[in-house]
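Before any comments, here is the structure.
Note that the coordinates shown come from a computational prediction; the quantities given were computed from them, not determined experimentally.
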Amino acid sequence: MNATEIIEQLKVIMKPYVNNQLALENLSETSDFITDLQINSANLVDIILDIEEHYHIEIDTVSMEKMINVKSAMDIIETKLSEK
């Protein structure tokens, strides 16, 4: 799975939670969940749960705390998938 595929899948997962739809359309590795996409912390937890379900992975608390932008989420997803 390449970066473009992951970004496209993340767009679908995050769409219900994002308050800035323009930022979602222009999603990139540098997009920040809170600042750019205006996702609140409660919804960020929902996104993480949805990512776990979508990719059939488990994201530990330490990894969750590192998920501040799209790049960090992609890195965690790729790492967890490689561990399977």
Side-chain angles (χ1 to χ4, degrees):
M1 184 173 311
N2 66 37
T4 304
E5 291 172 328
I6 293 175
I7 287 176
E8 288 306 311
Q9 291 172 357
L10 286 174
K11 281 183 182 180
V12 173
I13 291 169
M14 293 188 299
K15 185 175 175 95
Y17 308 104
V18 172
N19 290 319
N20 185 341
Q21 293 301 316
L22 182 60
L24 181 64
E25 291 171 20
N26 298 309
L27 193 70
S28 71
E29 291 185 11
T30 60
S31 297
D32 183 275
F33 291 129
I34 295 171
T35 307
D36 299 327
L37 299 169
Q38 299 171 358
I39 298 170
N40 66 39
S41 57
N43 285 340
L44 193 51
V45 171
D46 291 331
I47 289 170
I48 292 168
L49 295 172
D50 290 351
I51 288 171
E52 288 180 324
E53 184 177 324
H54 180 83
Y55 291 100
H56 306 286
I57 58 176
E58 188 173 318
I59 300 173
D60 56 80
T61 306
V62 173
S63 296
M64 277 186 210
E65 291 171 356
K66 294 178 183 174
M67 289 180 83
I68 57 170
N69 60 29
V70 173
K71 175 68 175 145
S72 60
M74 291 171 62
D75 291 344
I76 291 164
I77 290 166
E78 290 170 349
T79 300
K80 297 296 180 182
L81 288 174
S82 71
E83 292 173 355
K84 289 177 82 175

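No more than 12 heavy atoms of other residues, nucleotides or ligands sit less than 6.0 Å from atom CD of E53. Crowding of E58 atom CD: a count of heavy atoms from other residues, nucleotides or ligands under 6.0 Å not exceeding 12.
Under the 4.5 Å side-chain heavy-atom criterion for Ile, Leu, Val, Met, Phe, Trp and Tyr, I48 and I68 are members of distinct hydrophobic clusters. Linking ILVMFWY side-chain heavy atoms closer than 4.5 Å, directly or via other members, places L49 and I47 in two distinct hydrophobic clusters. I34 and Y17 are members of different hydrophobic clusters when ILVMFWY side chains are connected at heavy-atom separations under 4.5 Å.
A heavy-atom distance below 4.5 Å is not found between the side chains of L44 and M14. Looking only at side-chain heavy atoms (C-beta outward), V70 and I7 come within less than 4.5 Å of each other. Between K15 and V18, every side-chain heavy-atom pair lies at or beyond the 4.5 Å cut-off.
Partners of T79 under the side chain to side chain donor-acceptor pair (under 3.5 Å) rule, at least two apart in sequence or in another chain, do not exist in this structure. E8 is linked by a salt bridge (Lys or Arg N to Asp or Glu O under 4.0 Å) to K11, counting only residues two or more places apart in sequence or in another chain.
Atoms CD and NE2, on Q9 and H54 in that order, are 3.5 Å from each other to the nearest 0.5 Å. Atom CG in N26 sits 8.0 Å away from atom OG in S31 (nearest 0.5 Å). If you take CD on E29 and CG on N69, they are separated by 9.0 Å, rounding to the nearest 0.5 Å.
The heavy-atom pair separating L27 from L37 by the smallest distance is CD1-CD1, 3.8 Å. For I13 against P16, the heavy-atom pair with the smallest separation is O-CD, 3.4 Å. The two residues K84 and Y55 come nearest to each other via the heavy atoms NZ-O, 3.4 Å. The minimum heavy-atom distance linking I51 with L10 is given by the pair CD1-CD2, 3.7 Å. The two atoms that bring S72 and M67 nearest to each other are OG-CA, 3.4 Å, heavy atoms only. Listed here is the closest heavy atom pair of D36 and T30: OD2-O, 3.8 Å.
With hydrogens and angles ignored, the 3.5 Å screen pairs no side-chain donor or acceptor of T35 with any backbone N or O of D32.
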### Message
Between I77 and M74, is the side chain to side chain contact (heavy atoms under 4.5 Å, CB included) condition met? List the steps.
### Response
CA-CA 5 Å; I77 290 166; M74 291 171 62; 5.7 Å; no
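Pairs passing the side-chain hydrogen bond (donor to acceptor under 3.5 Å, both in side chains) check and including a residue from residues 37-49, sequence neighbours excluded, do not occur.
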